[in-house]
Amino acid sequence: MVIPWTGFTLASLLREVEPASSARYVRFETTHRPDEMPGLRSPFYTWPYQEGLRLDEAMNDLTILATGLYGLPMPNQNGAPIRLVVPWKYGFKSIKAITKIELVAEQPSTLWNNASPNEYGFYSNVNPERSHPRWSQATERRIGEFNRRQTLMFNGYTEQVAHLYDGMDLNMYY
Ligand SMILES: Nc1nc2c(c(=O)[nH]1)N[C@H]1C(S)=C(S)[C@@H](COP(=O)(O)O)O[C@H]1N2
Ligand SMILES: [Mo]
């Protein structure tokens with residue numbers, strides 16, 4: 001989704017709390033209210049939804065905590081009152097309705113990585129050169145467009161984020 005989010009950088013929040021030098025990852029967790037959200041009754045997933053970023057990814061200015069979209073307050077369905085938006089990663093990294101943010105030393109587990117590790121890795125960077133085991137990731141259809149277009153490496157943000165992965169094999173760390 002390439003749409004106008006509003007919010008503030010996660011970095012500005014993290015600077016307020018002054019992470020200890022032992023903090024290497026950020027872990028996010030959401031709410032668990034199966035009475036209101038019947039999908040949470042599915043026994044196949046490790047609810048509540050949880051996600052994680054490496055600290056340097058979290059500190060990048062493209063990583064925002066969003067409180068609205070299209071100039072309006074965030075709708076519940078899109079993650080009110082506050083959600084993550086990480087524009088160079090696949091949309092599922094962007095956890096909605098955040099209730100807890102932790103600074104941790106070890107790489108946190110994530111719901112999709114727990115569910116299917118060979119399909120969904122920790123990094124989940126947009127990468128048209130690496131197919132998902134069951135489908136190509138080379139093209140996309142954007143909201144508001146009819147024709148598919150070529151997907152760009154890091155969703156077009158190579159200049160801003162490629163340095164975070166210098167020396168890493170992104171086929172292995174998918
Ligand atoms: N709290 C929470 N956040 C979540 C999810 C979820 O189940 N719970 N699903 C993820 C997945 S798989 C996707 S595809 C996106 C979809 O929401 P969006 O279209 O508003 O980005 O939210 C992500 N964030
Ligand atoms: Mo999804």
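Remember, it's 1-based here, ligands and their atoms both numbered in the order they're listed. Excluded from the calculations below are hydrogen atoms, water molecules and symmetry mates; all remaining heavy atoms, backbone and side chain alike, are included. In what follows, residues are counted from 1 in the order of the sequence shown.
Scored by the ring pair (Phe, Tyr, Trp, His ring centres under 6.0 Å) test, Y120 finds F92, W112, H132 as partners (sequence neighbours excluded). Here W5 pairs with nothing under the side-chain hydrogen bond (donor to acceptor under 3.5 Å, both in side chains) rule; sequence neighbours left out.
For R41, the CZ atom counts as densely surrounded, since its 6.0 Å shell holds more than 12 non-hydrogen atoms of other residues, nucleotides or ligands.
Counting only residues at least two apart or in different chains, salt bridge (Lys or Arg N to Asp or Glu O under 4.0 Å) contacts with residues 149-160 comprise E145-R149.
Figure legend: K93 and Y123 shown without cation-pi pairing, the cationic atom not lying both under 6.0 angstrom from the six-membered ring centre and within 45 degrees of its axis.
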Check ligand 1 for N or O atoms under 3.5 Å from a protein N or O and list each pair with its distance.
residue  : atom   : partner : partner atom : Å
ligand 1 : 1 (N)  : T30     : OG1          : 3.4
ligand 1 : 1 (N)  : K96     : O            : 2.9
ligand 1 : 3 (N)  : K96     : N            : 2.9
ligand 1 : 17 (O) : K96     : NZ           : 2.9
ligand 1 : 20 (O) : N78     : ND2          : 3.2
ligand 1 : 20 (O) : R83     : NH1          : 2.7
ligand 1 : 21 (O) : R83     : NH1          : 3.4
ligand 1 : 21 (O) : R83     : NH2          : 2.9
ligand 1 : 24 (N) : S94     : O            : 3.0

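Side-chain N or O atoms of T63 include one that pairs as donor or acceptor with a backbone N or O of E57 at under 3.5 Å.
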